[in-house]
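Structure first, commentary second.
In listed order, ligands and their atoms are each counted from 1.
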Amino acid sequence: APVSPSSAAGAANGAGTISQDELKAQVGRAALAYVAKGEIVGVGTGSTVNKFIDALATIKDQIKGAVSSSVASTERLRALGIPVFDSNEVDELGVYIDGADEIDHHGFMVKGGGAALTREKIVAAQSRRFVCIADASKLVDTLGAFPLPVEVIPMAARRVMRQFEAMGGIAQVREKDGLPLVTDNGQHIVDVTGLRISDPLAFESEVSQWPGVVTVGVFAHQKADVCLLGTPAGVQTMH
Ligand code: 5RP
């Protein structure tokens, strides 16, 4: 069913000056409602998830631990005393909590701004429910304005970039300190602008088959079941 805002909770900020950081903290705290006692929680990556990890630390005695989608999240979880399990040690997770770079009204997302998309998709796939946490600026009608991250095997980067250019996109290899960024999996990221992704399911299926593509940052087959959107008027829950 299409996603539509269904409820608003939380105190409105009368002055309307709530910061983006506080919006992220709000949804991070709100996500605790989806964590069941005694379970292992799937944990995503990014600045919004960092707020969730901080909130999770306040109930760490009530959960068994986490499966993490990145080295960065693993380090933060462990620093706060939350045990981290390898995804291969766990068959199924009840819930996966992660942010997004864009989310549409169907729960389809673009992810990978933090270069963690491959492990994020793996943990999402082993979870029964995906709860997306984001500030309201991430909600879009059509995916594609945010540069689409695609993790590629370095040998395939040029060919993959040419394929995106044939679709009308502009592709470039993401850099860090003047060199290609290397992901947690030892691969590179191609970022693609200028795409309008009108059929996210078909797009994800097609690009995922290109040789050398490890993961495309469209999450349509692993879409969000619930999205908690941070707004100045409180947290909106979209189903
Ligand atoms: C990392 C991701 C993040 O979920 C996405 O980039 C959103 O991050 P933030 O919460 O910092 O805005 O996909 O690969």
Could you identify the single nearest non-hydrogen protein atom to [atom] and state the distance to 0.1 Å?
| atom | value |
| --- | --- |
| atom 11 (O) of ligand 1 | Ser47 OG, 2.5 Å |
| atom 12 (O) of ligand 1 | Lys138 NZ, 2.7 Å |
| atom 13 (O) of ligand 1 | Gly112 N, 2.8 Å |
| atom 6 (O) of ligand 1 | Asp101 OD1, 2.7 Å |
| atom 10 (O) of ligand 1 | Thr48 OG1, 2.6 Å |

- Message: Under 4.0 Å, heavy-atom basis, I'd like to know which part of Ala115 is in contact with ligand 1: side chain, backbone, both or neither.
- Response: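 It is the backbone that gets close, since no side chain atom is under 4.0 Å.
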- Item | Part of Pro149 within contact of ligand 1 (heavy atoms, under 4.0 Å) |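 Under 4.0 Å from ligand 1, Pro149 contributes no heavy atoms.
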- Got an N/O contact under 3.5 Å between Gly114 and ligand 1? yes
- Message: Check this for me - ligand 1, Gly46, N or O atoms closer than 3.5 angstrom, yes or no?
- Response: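 No, no N or O pair falls under 3.5 Å.
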Ligand-residue contact atoms, ligand 1 with [X], heavy atoms, under 4.0 Å:
| X | answer |
| --- | --- |
| Asp98 | 4 (O) |
| Ala116 | 14 (O) |
| Lys111 | 2 (C), 3 (C), 4 (O), 13 (O) |
| Gly99 | 4 (O) |
| Thr45 | 1 (C), 2 (C), 3 (C), 4 (O) |
| Glu120 | 1 (C), 2 (C), 13 (O), 14 (O) |

- Query: Does a side-chain N-to-carboxylate-O contact under 4.0 Å join Glu151 and Lys121?
  - Reply: no
- Message: Using a strict threshold of under 4.0 Å (side-chain N to carboxylate O), is an ion pair present between Arg174 and Asp191?
- Response: yes
- Query: Can you name the closest pair of heavy atoms from Pro149 and Val110 and give their distance?
  - Reply: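 Answer, listing the atom of Pro149 first, then Val110: CD-CG1, 3.8 Å.
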Can you get from [X] to [Y] by hopping between Ile, Leu, Val, Met, Phe, Trp and Tyr side chains that sit under 4.5 Å apart?
| X | Y | answer |
| --- | --- | --- |
| Phe108 | Leu117 | no |
| Met167 | Val190 | yes |
| Ile189 | Val152 | no |

- Task: Output, in order, the C-alpha distance, side-chain angles, deciding distance and verdict of side-chain hydrogen bond (donor to acceptor under 3.5 Å, both in side chains) for Ser137 and Asp135.
- Result: CA-CA 6 Å; Ser137 69; Asp135 66 85; 2.3 Å; yes
- Query: Is the closest side-chain donor-acceptor distance between Ser73 and Ser68 under 3.5 Å?
  - Reply: no
- Item | Arg76 (side chain) donor-acceptor with Val49 (main chain) under 3.5 angstrom |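 Looks like no, no N/O pair under 3.5 Å.
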- Item | Verdict with reasoning, Asp104 to Thr142, per side chain to side chain contact (heavy atoms under 4.5 Å, CB included) | CA-CA 6 Å; Asp104 74 8; Thr142 307; over 6 Å; no
